[in-house]
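Okay, so here's the structure we're looking at.
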Amino acid sequence: MTGRLEIKTPPLFNFWRTVYSHGWCSLPPYFVDKEHESLSRLVELGDGTLIQCVMRPKPGGITVALHCQTSLAAGQKNETRNLLCVCLRLKDNLSEFYREAARDSKYRWIPKAGAGRLLRAPTVFEDVVKMICTTNCSWSLTEVMVRNLTTVLGKSLGDGLSAFPSPQAIAGTTEAFLRKHIRTGYRSPYLLELATLVAEERLDLESWRSSPLSTEELFKEVKSVKGMGDYAAGNILKLLGQYDYLGLDSWVRAKFYELHTRGRKVKDSTIEKRYAPLGKWRGLFFWLEMTRHWYDHKFPF
DNA sequence: GCGTCCAGGTCTACC
DNA sequence: GGTAGACCTGGACGC
């Protein structure tokens, strides 16, 4: 069965700049079809229904082609719409950030480009699992781990389409299984513990998106998850809409050295001091500055 | 083809 | 609070 959704987008929203805001668009179940200029992903509704969503931009909005095994009720379409709004950050209010950007000639390109919305998953669980899979390895290994998670443990719609696995699906495996079949290595016990805590409702990751905690307290809570250190927690906070941390890893450090110190290494505290005056948006300014070169291309990678 | 070395974040033990 | 070593994998390199 097929269906269609039309989603309105906020002012200054740029579809491709959101899709290519960071590497998530190249990790399944996201898929960028460069030939047909679309972003697709399989979403799973609360009732277990799987829907393949193929998104294309249009003036003032997004058109979504829906493919699933049964006809969709209005409520299911609404749930799909809400999930895609979450992924594309359509309800995030960036007007204050854009005002700040417009005040500084270095950053005036940001509102003009419609940049600043960082693509995320429908669930915090998926974002956290993926973030752990980016730690201490090459991007190609991250791709291997996430691909294995979806194809081996995710629900399948057929045609090679798989959803991201539920906490229960991961919790139902063993550390040895994750090591052998998912290739998550020493991260396996961390993923197993995380999935078990979430599956048994002893850890509510989804509440982080509306947490009453201060950013500093939330950062500590994110870091209390095994496998989540400074880098991973800082970047998860950005996906939660809090931009106080830079989330430094080897790639952004090297980019900073290239842009600001002629390749000379400096302490992390030196980098942090440079962005401190940018206040609560500093993590977003920093990330956009480091990836400014991506915005010269429709498909930067 | 095989063995060795290294890069990549986080955790734990130790000072 | 700071630091060293271990964790695991893929890729680069030398033989």
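Only a predicted model underlies this, so the values are computations on that prediction, with no experimental measurement involved. Chain A is the first sequence line, chain B the second, and so forth, proteins listed ahead of strands; every chain is numbered from 1. Atoms considered below: every heavy atom in the structure, side chains included; atoms not considered: hydrogens, waters and symmetry mates.
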Please find out if less than 6.0 Å separates the ring center of A:Y295 from that of A:Y20.
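No, the ring centres sit 6.0 Å or more apart.
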Please report the C-alpha distance between A:N78 and A:R81 in whole Å, then the side-chain angles of each, then the deciding distance to 0.1 Å, and finally whether the side-chain contact (heavy atoms from CB on, under 4.5 Å) criterion is met.
CA-CA 5 Å; A:N78 261 339; A:R81 177 194 302 275; 3.9 Å; yes
Whole-Å distance separating the [atom1] atom of [X] from the [atom2] atom of [N]:
X	N	atom1	atom2	answer
A:L178	C:dT9	CG	P	12 Å
A:M145	B:dG8	CE	P	15 Å
A:I182	C:dG10	CD1	P	13 Å
A:W139	B:dA7	CH2	C1'	17 Å
A:E193	B:dT12	CD	P	9 Å
A:R253	B:dG8	CZ	P	9 Å
A:E143	C:dG11	CD	P	11 Å
A:D230	C:dG2	CG	C1'	13 Å

Residues A:W24, A:D127; criterion side chain to side chain donor-acceptor pair (under 3.5 Å); working and verdict
CA-CA 9 Å; A:W24 259 208; A:D127 281 331; 2.7 Å; yes
Testing the 3.5 Å rule here: is there a donor-acceptor pair between the side chains of [X] and [Y]?
X	Y	result
A:S38	A:S40	no
A:E217	A:S214	yes
A:Y190	A:T184	no

Would you please test A:E258 and A:K255 for salt bridge (Lys or Arg N to Asp or Glu O under 4.0 Å) and show each step?
CA-CA 5 Å; A:E258 177 192 325; A:K255 199 69 202 173; 3.3 Å; yes
I'd like to check [X] versus [Y] (side-chain heavy atoms, cut-off strictly below 4.5 Å). Are they in contact?
X	Y	answer
A:H22	A:K238	no
A:Y30	A:L27	no
A:T142	A:C137	yes

Should A:K223 be listed as having a side-chain N or O under 4.0 Å from OP1 or OP2 of B:dT10?
no
Where the side chain of A:K226 is concerned, which of B:dG9, C:dG10, B:dC11 is the nearest nucleotide?
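Among the listed nucleotides, the one closest to the side chain of A:K226 is B:dC11.
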So, A:E6 and A:R4, do they make that salt bridge, N to O below 4.0 Å?
yes
Less than 4.0 angstrom from a charged side-chain N to a carboxylate O is my criterion; do A:E289 and A:R274 meet it?
no
At 4.0 Å (heavy atoms only), tell me whether A:S138 reaches a base, stays on the sugar-phosphate, or touches nothing.
nothing
5'-most contact on DNA chain B: A:S224 or A:C137, nearest heavy atom basis?
A:C137
Any protein N or O atoms within reach of nucleotides 4-8 of chain C? Criterion: under 3.5 Å, listing atom names and distances.
{"unit_1": "C:dC8", "atom_1": "OP1", "unit_2": "A:R179", "atom_2": "NH1", "d": "2.5"}
{"unit_1": "C:dC8", "atom_1": "OP1", "unit_2": "A:R179", "atom_2": "NH2", "d": "3.0"}

Give the residues of residues 239-249 of chain A touching DNA chain B, defined as any heavy atom closer than 4.0 Å, sorted by residue number.
A:D249
Under 3.5 Å, which N/O atoms of the protein pair with N/O atoms of nucleotides 13-15 of chain B?
none

